[in-house]
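Here's the structure, in structure tokens; my notes come after.
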Amino acid sequence: MEETADPGVSGTMSTVADGDRVRPASRRRVPNIAIVAGLAFATSLVMAFVISSGGSSVDGGFDPYFFGDMGKSIADGHGFRGFGNLITRRAPLYPILIGGIYFVFGDHYRAVLFFHCLFYAGTAVLAYDMARRHFNERTGVIAGVMCTFHPLLLRYVPSLHLETFLTFLMTLMIWCTYRFWRRPTLWNAVFIGLAAGLAALTKAVALPYPIVFFAAFLLTVRAARRRGADGPARRIPWKPMIAGVLVMFATIAPWTIRNHGTTGHFVLLSSGTSDAFLRGFIFSEWQYITLQEPPYTGAENASNAYFQKLAEDAGTVWERDDYETDQILNEEAKRRLREDPLSVVRKSVVGMFTFWYQLTSLKNSLLVGVFAIGAWVLAIIGWRQARREHKVVWPFLLPVIYLNVVLALLLALGRYSAPVLPALFVVGAFGVDTLLTKWWPRRA
């Protein structure tokens with residue numbers, strides 16, 4: 001049998017001894033990565049332009065934090081003028097992104113939503129790639145599909161919330177840390193620093209994670225030494241790790257310099273740590289964690305009244321000046337830490353759970369909470385199977401635990417879990433793969 005290539009057909013053409021008839025061989029199938037990307041992109045497009053055309057009303061409306069207004073100001077050349085010296089607890093990258101889109105495409109919010117869909121597809125692809133490299137191809141596809149249809153990830157695509165963009169950047173950072181875990185080279189460390197810096201410029205809570213990751217990596221290297229492992233695992237990549245941290249701080253340095261210029265004080269990224277810490281006391285009250293009262297209105301209003309009273313007691317007006325307000329809240333946070341540490345422990349323990357479900361309504365919270373429980377059950381199954389196969393899963397679970405703990409100490413709302421869901425899905429997808437192999441071994 002003779003095979004000849006046909007430039008117009010993917011695959012080969014086989015000449016068969018059957019008269020002059022030529023029967024084409026089967027065409028090359030579409031790569032799984034393209035299927036995952038296309039499915040996630042299509043799903044997000046439907047969510048943004050069909051189901052919630054014109055934006056979503058969840059969590060305060062289409063643009064509750066005025067990112068779109070900030071983007072218009074940036075596109076018009078006015079920067080952050082009129083939005084506070086520290087842009088009111090916000091980090092700058094997401095409004096800068098919107099400003100860039102408006103500058104190129106005009107003042108059209110639908111262009112921003114289109115980019116949300118691209119980021120959404122990118123997130124699914126990154127989860128797919130980590131899962132298929134670490135486990136197998138089927139696990140990769142499952143992880144991508146889990147990202148594609150998760151309601152919490154989908155709900156922020158059709159509005160100007162930063163969660164879709166932040167989830168992509170956090171997943172990119174985790175993907176970079178995974179690459180470093182596999183090959184601890186200088187360039188892989190540099191990519192970690194760059195991705196982490198961009199994520200931190202979107203939301204400051206991402207900033208310390210590379211340091212946490214490098215510390216965990218160092219512990220694994222030392223554990224390998226104690227076991228007497230040979231090869232690269234015995235060497236500590238000090239220079240790459242230091243370079244990664246330096247690149248991260250270099251990435252955020254221009255904004256730090258800008259903050260000093262506008263306030264006259266050192267502010268690394270943004271204000272708001274004490275704001276979140278104090279709000280956490282109110283959001284963790286019984287009526288809000290049980291959703292008897294909606295936290296995004298009741299707890300939010302109670303928090304604002306609390307802060308206004310603190311400002312009045314200090315002889316000023318709340319949010320008249322970003323830095324001044326931040327200092328007032330810092331003093332109140334220190335006071336509560338000194339005088340009532342048990343309440344800090346209580347609200348932090350509560351926050352470990354509200355991080356996974358507390359949304360705008362009982363219905364939404366129950367839906368997301370059930371999905372979170374399911375993801376964790378599958379992740380535990382995947383973790384146990386990975387242990388049997390001597391595969392580590394900490395590069396995926398560490399960022400999940402990190403964000404859960406940090407935000408439990410501050411303010412733990414359900415939407416804040418979105419950035420680490422794809423990492424949890426990587427391990428959960430292996431749990432699904434394990435169950436499929438067990439229940440239908442012939443189809444595995």
Problem - Gap separating the OH atom of Tyr296 from the OG atom of Ser361, nearest 0.5 angstrom - result: 10.5 Å

Practice task
Please answer whether the main-chain N or O of Pro341 pairs with a side-chain N or O of Arg346 as donor and acceptor at a distance below 3.5 Å.
Solution key: no

Problem - Exceeds 12 heavy-atom contacts within 6.0 angstrom, atom CZ of Arg384 - result: no

Exercise for the section: Kindly determine whether Glu339 and Lys334 satisfy salt bridge (charged side-chain N to carboxylate O under 4.0 Å, His left out), including the steps that lead there. Expected result: CA-CA 9 Å; Glu339 298 179 5; Lys334 293 174 185 176; over 6 Å; no

Handout entry: Ile35 and Ile33, any side-chain heavy atoms less than 4.5 Å apart
Key = no

Practice task
Would you check, one step at a time, whether the test side chain to side chain donor-acceptor pair (under 3.5 Å) holds for Arg320 with Thr325?
Solution key: CA-CA 7 Å; Arg320 182 183 66 179; Thr325 296; over 6 Å; no

Handout entry: Donor-acceptor pair between Ser271 and Asp322 side chains, under 3.5 angstrom
Key = no

Practice task
Please find out if less than 6.0 Å separates the ring center of Tyr416 from that of Phe355.
Solution key: no

Handout entry: Least distance between heavy atoms, Met248 atom then Leu207 atom
Key = SD-O, 3.2 Å

Practice task
Return the minimal non-hydrogen interatomic distance between Val400 and Leu424, and the atom names on each side.
Solution key: CG2-N, 3.9 Å

Exercise for the section: For the pair Thr256 (side chain) and Leu268 (backbone), establish whether a donor and an acceptor sit closer than 3.5 Å, ignoring hydrogens and angles. Expected result: yes

Practice task
Answer with yes or no whether the side chains of His161 and Ser159 bring together a donor and an acceptor at under 3.5 Å.
Solution key: yes

Contacts table for residues 112-119: side-chain donor-acceptor under 3.5 angstrom, sequence neighbours left out:
from   : atom 1 : to     : atom 2 : distance (Å)
His116 : ND1    : Val157 : O      : 2.9
His116 : NE2    : Tyr94  : OH     : 2.9

Exercise for the section: State whether the side chain of Tyr128 and the backbone N or O of Asn32 hold a donor-acceptor pair below 3.5 Å, judged by distance alone. Expected result: no

Handout entry: Reported OG1-to-CG distance for the pair Thr273 and Leu409, which is rounded to 0.5 angstrom
Key = 11.5 Å

Problem - Backbone of Cys147 reached by a side-chain donor or acceptor of Tyr120 within 3.5 Å - result: yes

Practice task
For the pair Tyr288 and Phe283, name the ring-plane relationship: parallel under 30°, tilted 30 to 60°, perpendicular over 60°.
Solution key: tilted

Practice task
Answer yes or no: are there more than 12 heavy-atom neighbours, outside Lys309 itself, under 6.0 Å from its atom NZ?
Solution key: no

Please tabulate, for side-chain N and O atoms in residues 67-88, each donor-acceptor pair with protein atoms closer than 3.5 Å (sequence neighbours left out).
from  : atom 1 : to     : atom 2 : distance (Å)
Ser73 : OG     : Gly79  : O      : 2.7
Asn85 : ND2    : Asp321 : OD1    : 3.2
Thr88 : OG1    : Phe83  : O      : 3.4

Problem - Over 12 non-hydrogen atoms of neighbours within 6.0 angstrom of CZ in Phe66 - result: no

Exercise for the section: Classify the angle between the aromatic ring planes of Tyr209 and Tyr402 as parallel (below 30°), tilted (30 to 60°) or perpendicular (above 60°). Expected result: tilted

Exercise for the section: Determine whether Phe277 and Leu337 make a side-chain contact, defined as any pair of heavy atoms from C-beta on separated by less than 4.5 Å. Expected result: yes

Exercise for the section: Would you check if Met170 and Thr202 make a side-chain contact, meaning some heavy-atom pair closer than 4.5 Å? Expected result: no

Handout entry: Arg179 to Trp175, cation-pi by 6.0 Å centre distance and 45° axis angle
Key = yes

Practice task
Could you tell me whether the side chain of Thr167 and the main chain of Thr164 form a donor-acceptor pair under 3.5 Å?
Solution key: no

Problem - Between Phe217 and Phe180, ring centroids under 6.0 Å - result: yes

Completion exercise
Minimal heavy-atom distance between Val36 and Gly144, with the atoms involved, is CG1-CA, 3.8 Å

Practice task
Could you tell me the separation between the CZ atom of Phe103 and the CD1 atom of Ile96, rounded to the nearest 0.5 Å?
Solution key: 14.0 Å

Exercise for the section: Would you check if Ile328 and Thr316 make a side-chain contact, meaning some heavy-atom pair closer than 4.5 Å? Expected result: yes

Problem - Side-chain heavy-atom pair Leu310, Trp318 within 4.5 angstrom cut-off - result: no

Handout entry: Close aromatic pair by centroid cut-off 6.0 Å: Tyr102 and Tyr109
Key = no

Practice task
For the pair Arg279 and Glu300, find out whether any cationic side-chain nitrogen is under 4.0 Å from an anionic carboxylate oxygen.
Solution key: yes

Problem - Closest approach of Ala429 to Ala143 (non-hydrogen atoms, all atoms of both residues) - result: CB-N, 3.5 Å

Problem - Within the 6.0 Å centroid threshold, strictly below: Trp394 and Phe213 - result: yes

Practice task
Check whether the side chains of Thr139 and Arg132 place a donor and an acceptor atom closer than 3.5 Å, and report yes or no.
Solution key: no

Exercise for the section: Report yes if the side chains of Leu269 and Ile252 come closer than 4.5 Å at any heavy-atom pair, otherwise no. Expected result: yes

Problem - Test log, rule ring pair (Phe, Tyr, Trp, His ring centres under 6.0 Å), inputs Phe396 and His134 - result: CA-CA 10 Å; Phe396 311 115; His134 197 63; 5.2 Å; yes

Problem - Side-chain touch Thr177/Pro395, heavy atoms, less than 4.5 angstrom - result: no

Handout entry: Reported CG-to-CE distance for the pair Leu407 and Met352, which is rounded to 0.5 angstrom
Key = 10.5 Å

Exercise for the section: Test side chain to side chain contact (heavy atoms under 4.5 Å, CB included) on Arg336 and Glu332 and set out the steps. Expected result: CA-CA 6 Å; Arg336 298 197 70 157; Glu332 175 66 3; 3.8 Å; yes

Exercise for the section: Could you tell me whether a side-chain N or O of Thr43 sits under 3.5 Å from a main-chain N or O of Ala40, the two making a donor and an acceptor? Expected result: no

Problem - Nearest-0.5 Å distance that lies between atom OG1 in Thr171 and atom OH in Tyr178 - result: 15.0 Å

Practice task
Keeping to residues at least two apart or across chains, list the side chain to side chain donor-acceptor pair (under 3.5 Å) pairs with something in residues 186-195.
Solution key: Thr185-Asn188

Handout entry: Nearest heavy-atom neighbours spanning Ala299 and Ile282
Key = O-CG2, 3.8 Å

Handout entry: His260 ring center within less than 6.0 Å of Trp255 ring center
Key = no

Problem - Side chain proximity check, Pro184 to Pro240, heavy atoms < 4.5 angstrom - result: no

Exercise for the section: Grab the two heavy atoms, one from Phe281 and one from Ser343, that are nearest each other, plus how far apart they are. Expected result: CE2-OG, 3.3 Å

Exercise for the section: State the OG-CZ distance between Ser44 and Phe49, to the nearest 0.5 angstrom. Expected result: 8.5 Å

Handout entry: Thr262 side-chain N/O to Asn259 backbone N/O, donor-acceptor pair under 3.5 Å
Key = yes

Exercise for the section: Specify whether Phe425 and His150 have parallel, tilted or perpendicular ring planes, treating 30° as the upper limit for parallel and 60° as the lower limit for perpendicular. Expected result: tilted

